[in-house]
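Step one of this worksheet: look at the structure below.
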Amino acid sequence: MKFPSDDYEHYVPPAKPSKEFPDDFGFVLVDSMEDFIRILKDNKDVDYVAWDLETTGLNPEENSIVALALAFHNKNNKVGYCVPINFNKGPSLHYDALALFYKFLRKYKKRSLLYNARFDMRFMEIYGFDMDKISVYDVMLGIWLADTNVKFPSLSASARHFLGWEMQEYDSVLGDDYNLWYVAPKEVTFYAGSDALATLHLAKHSFRYLKEAKLAGKIDNRILYPLMKFEDDPLRIDVKYLGGLLDEYTNRQSELEKEIHIMAGYDFNINSSRQLVEVMMQLGLNTGKYTKTGQMQTSLPVLEKLEGQNNHPFLEKLMEYKRINKSLGSYIKPLTQYAKESKQYCESTGDGYLRFAYHNTVAPTGRFACGSEDKNSYFSKINKQSIPKPSERIWYVAPTDEPSEEVSLNEHNIEGYKFSTERISEDAVEAFSPEANVRRGFIPYDDFYWVSVDFSKQELLIPTNITQEPIWKTAFKEGKDLHSETALKIFGEVDKHKRALAKTCNFGLAYGMSHHTLAERFDMPVNEAEKFVEDFKGTLKELFSWMERHKRKAKREGVVYTSFGRPRRLKYYFEHESPQVRAFGYRSAVNSVIQGTGADIMKMALVKLWDNLLNVDEYRDDVRFASMVHDEANFYVRKSKLLEILPKIIDCMELKFPQWELPMEVDVEIGNSWGFCFPFDFKDGVLTPKLED
DNA sequence: AAATGGGGCGCC
DNA sequence: AAAGGGCGCCCCATTT
């Protein structure tokens, strides 16, 4: 089932269609600098200015600004201006008008109201205007916070919903023209002016919900500029390496394809689940699981399960094919291709550069989503937050005098230590295996390390702080293994299986996992799983008592908040006629708080990093933000400055909150690429490999 | 040819 | 009656 479904009702009831708009409003084409100067002068005392750029397209590297739309928060709020910047025909005020407007914003300290602010800020920066010096409020944020279940609320949808305005469609402005540059400015005036007016009029609705979201709302707006800068800086990609991986995988894929076809007795498309089901039926391979459309499931988990019962060689080959095919199609091929197509690609060095877009108004819990923007080649069409992690293996560690570098895929020198897959010592750490290592394609600049810092056990620490669960709190305080401690308290003893059970439940509870799933996972009888879950709940009393209270409160109020005020409206789900949808509501009530609080904390850490490190002249040449994956932040750090920069990163991320007993802790990994990072302990200014127990 | 829905799978 | 939260992309099959 899709959540929210198509008939989803917005938390805020829709406004009645407005009779005012557009008849009571004025739309003015500003066709001379004199007029523009006069208009700005007349409005030099207003506090807010809503503005919006019309461009020839979405890509700031390839497209240009054609018009600036404006609406001032003055007495009537009813005039939308269109300032033509650069059109094919008709008046154009060019760069001068933009510069004048920027000066106006700076000099009179205007607060800018933008809708999807990073888009306009990015174009302004490319035109040479420093947007860090401008006070900006993104109206879209509060509109989204009004109901975060609604993803990326567009300006036109929001104007319709909150104001009852019907906006002109972009395609009707464009007509048969290629882009807005070809359209006559007077034809763009209404479209542009109403965008700015809608932004202005939406602002008062938006502020209400932003304010309600307290610190989380503030952070969402505060992070806009750094987030834009993070997106603008492309990541360095090792195209030669990925090209090698591409060849290797392609060969293996066609080998497997041949073997599978031979076993089937004829050629077929393995990627077609229909054809695959047909073949499996003929081979007598039934997974016993079906999709809701009635087709037999052929996913990896059910294949794995079937392999446990039926050791048919077809299954092994099929599973390997699926993994290889996924890796190739979703990651290796597109990464290689986009990096080669990138403007900064250098064939001799094999360096390519890719940008990744982060979406801040998509995931209802407040996490960032990561992916492409439709038809915008500025960003690569890859989800940076889902690049495969290679399997893990043991690496041996010994001190070395050799310089820090990647010696080979099996040997890496980092900060005076050699990490090798060969047994060179007794000391060992666990890290990614050299095989199938897509992340090795992400490399820092020469003379820089790839530094990865992630929040330690974030999804367990947060509920511990919120619920005060004593067993977990003690385990955290004493630095003990949380899963073993939980298992010990339940069973009175611990072994590998008992710890694994406890671990699955520990993580599963945040998602509202049922005992049926647990039974399935561990291949145990349902009643046994049920008994275990009962014991589990009885052991972690405080945790589950909080969960019950929290769910009741959520049902009563129809909304839950993260520890920092981010709302998730669940009324629609709680009141739905379908028990499945209602159950989804209760699971989301718990999960939104845990996942959302984690997202709030990462955003706060990023803002702190920006203010104290990344945007500070003193450190600018020595550290750069590379990427983030929910609870992990990655940096390029100059090797010679590592011991100076690393403590600052850690300090920014190990946040303490007065209402929480346990502070955030981080784990540090250092390497010469994202694929070969090794865990280090950092104490008293000294780095030592974090050895296996 | 482009859009859409479903199944599948990568990450946290 | 179903049974695990959040995301985006690939591929197939079908519709427009």
Side-chain angles (χ1 to χ4, degrees), chain A residues 1-3 6 148-149 151-152 268-277 289-303 319 322-335 356-359 362-375 379-390 436 438-439 454-455 457-459 504-505 507-521 526 529-530 533 560 568 570 577-596 598-599 602 627-632 674:
Chain A
M1 186 173 291
K2 221 173 81 182
F3 294 106
D6 294 335
T148 58
N149 295 314
K151 298 173 194 314
F152 206 97
F268 71 104
N269 184 350
I270 307 169
N271 295 324
S272 160
S273 48
R274 247 187 229 187
Q275 294 177 42
L276 179 60
V277 168
K289 280 274 197 174
Y290 296 88
T291 67
K292 65 179 171 191
T293 54
Q295 185 177 275
M296 187 180 87
Q297 258 190 52
T298 57
S299 63
L300 282 173
V302 300
L303 291 175
M319 289 193 286
K322 276 179 172 254
R323 293 196 177 98
I324 295 256
N325 189 58
K326 170 80 175 175
S327 230
L328 260 180
S330 294
Y331 305 104
I332 301 173
K333 269 186 199 166
L335 274 170
F356 298 90
Y358 293 91
H359 301 293
V362 174
T365 54
R367 274 190 179 177
F368 288 136
C370 178
S372 67
E373 290 194 340
D374 278 353
K375 294 165 196 165
F379 295 113
S380 61
K381 223 176 141 186
I382 291 163
N383 181 353
K384 173 69 175 58
Q385 299 191 137
S386 74
I387 307 291
K389 283 169 82 163
V438 184
R439 292 189 177 200
D454 72 297
F455 290 117
K457 304 188 190 76
Q458 198 194 25
E459 293 223 325
T504 300
C505 285
F507 283 111
L509 76 92
Y511 308 139
M513 191 182 68
S514 74
H515 61 264
H516 295 92
T517 311
L518 187 71
E520 181 100 347
R521 260 289 186 85
V526 174
E530 195 174 4
V533 171
V560 297
R568 171 113 189 241
L570 295 163
E577 57 181 7
S578 153
Q580 290 131 274
V581 177
R582 291 201 297 274
F584 175 83
Y586 286 106
R587 291 197 294 272
S588 300
V590 175
N591 179 258
S592 296
V593 173
I594 300 171
Q595 192 186 111
M602 179 51 102
S627 70
M628 61 153 289
V629 190
H630 306 306
D631 68 348
E632 155 193 339
W674 196 19

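If you're wondering where the values come from, they're calculated on a predicted model, not measured in any experiment. Letters A, B, ... are given to chains in the order of the sequence lines, protein chains preceding strands, and every chain is numbered from 1.
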Exercise. OP1, OP2 of C:dC7 versus side-chain N and O of A:Lys151: anything below 4.0 Å?
Worked result: yes
For this session: Record whether the side chain of A:Lys389 comes under 3.5 Å of the base of B:dC11 through a donor-acceptor pair of N or O atoms.
Result: no
For this session: Tell me whether the OP1 or OP2 atom of C:dG6 has a side-chain N or O from A:Thr365 closer than 4.0 Å.
Result: no
Problem set entry | Residue A:Met513, side-chain atoms from C-beta onward, closest of C:dG4, C:dA1, C:dC11 | C:dG4
Problem set entry | Whole-Å distance separating the NZ atom of A:Lys326 from the C1' atom of B:dG7 | 11 Å
Exercise. Any side-chain N or O of A:Arg568 under 4.0 Å from OP1/OP2 of C:dG6?
Worked result: yes
For this session: For B:dG5 and C:dG4, measure between their P atoms and round to the nearest Å.
Result: 25 Å
Exercise. How close or far is atom P of C:dG8 from atom NZ of A:Lys384, stated in whole angstroms?
Worked result: 16 Å
For this session: Would you classify A:Thr517 as touching base, sugar-phosphate or nothing, given that sugar-phosphate means primed atoms plus P, OP1 and OP2, and contacts are heavy atoms under 4.0 Å?
Result: base
Seminar exercise, completed: Using Watson-Crick geometry (N1-N3 plus N6-O4 or O6-N4) or G-U wobble (N1-O2, O6-N3), each under 3.5 Å, B:dC11 is paired with C:dG6
Exercise. Once you round it to whole Å, what is the distance between P of C:dC10 and CD1 of A:Ile332?
Worked result: 14 Å
Problem set entry | C:dA2 to B:dC9 separation - P atoms, rounded to the nearest Å | 22 Å
For this session: Report yes if at least one side-chain N or O of A:Arg274 is closer than 4.0 Å to OP1 or OP2 of C:dT14; otherwise report no.
Result: yes
For this session: Determine the contact category for A:Ser592: base if any of its heavy atoms lies under 4.0 Å from a base atom, sugar-phosphate if only primed atoms, P, OP1 or OP2 are that close, otherwise nothing.
Result: nothing
Problem set entry | Sugar-phosphate only, base, or nothing, as touched by A:Arg587 at under 4.0 Å among non-hydrogen atoms | sugar-phosphate
For this session: Would you indicate, yes or no, if C:dG4 has its OP1 or OP2 atom less than 4.0 angstrom from a side-chain nitrogen or oxygen of A:Ser514?
Result: yes
Exercise. Rounded to whole angstroms, how far apart are CZ on A:Phe368 and C1' on B:dC11?
Worked result: 17 Å
Exercise. Just to confirm, is there a sub-4.0 Å distance from OP1 or OP2 of B:dC9 to any side-chain nitrogen or oxygen of A:Lys322?
Worked result: yes
Exercise. A:Arg439 near the nucleic acid: base, sugar-phosphate alone, or nothing, with a heavy-atom cut-off under 4.0 Å?
Worked result: sugar-phosphate
Seminar exercise, completed: Judged by nearest nucleotide, the residue sitting upstream toward the 5' end of DNA chain C, A:Gln385 or A:Ser330, is A:Gln385
Problem set entry | Out of C:dC12, B:dC11, C:dG6, whichever nucleotide has its closest atom nearest the side chain of A:Asn269 | C:dC12
Exercise. Rounding to the closest angstrom, what is the interatomic distance between B:dG6 and C:dA3 at atom P?
Worked result: 15 Å
Problem set entry | Any donor-acceptor N/O pair, A:Arg582 side chain to A:Glu577 backbone, under 3.5 Å | yes
For this session: Scan A:Ile594 against the nucleic acid and name what it touches under 4.0 Å (heavy atoms): base, sugar-phosphate only, or nothing.
Result: nothing
Exercise. Should A:Ser272 be listed as having a side-chain N or O under 4.0 Å from OP1 or OP2 of C:dA13?
Worked result: yes
For this session: Output the single nucleotide from C:dC7, B:dC9, C:dG5 whose closest atom is nearest the side chain of A:Asn383.
Result: C:dC7
For this session: Please check the phosphate of C:dG8 (OP1 and OP2 only) for any side-chain N or O of A:Ser372 closer than 4.0 Å.
Result: no
For this session: For A:Gln295, report the nucleic acid contact type (base, sugar-phosphate, nothing); a contact means any heavy atom under 4.0 Å.
Result: nothing
Exercise. Using a cut-off of 4.0 Å on non-hydrogen atoms, how would the nucleic acid contact of A:Val362 be classed: base, sugar-phosphate, or nothing?
Worked result: sugar-phosphate
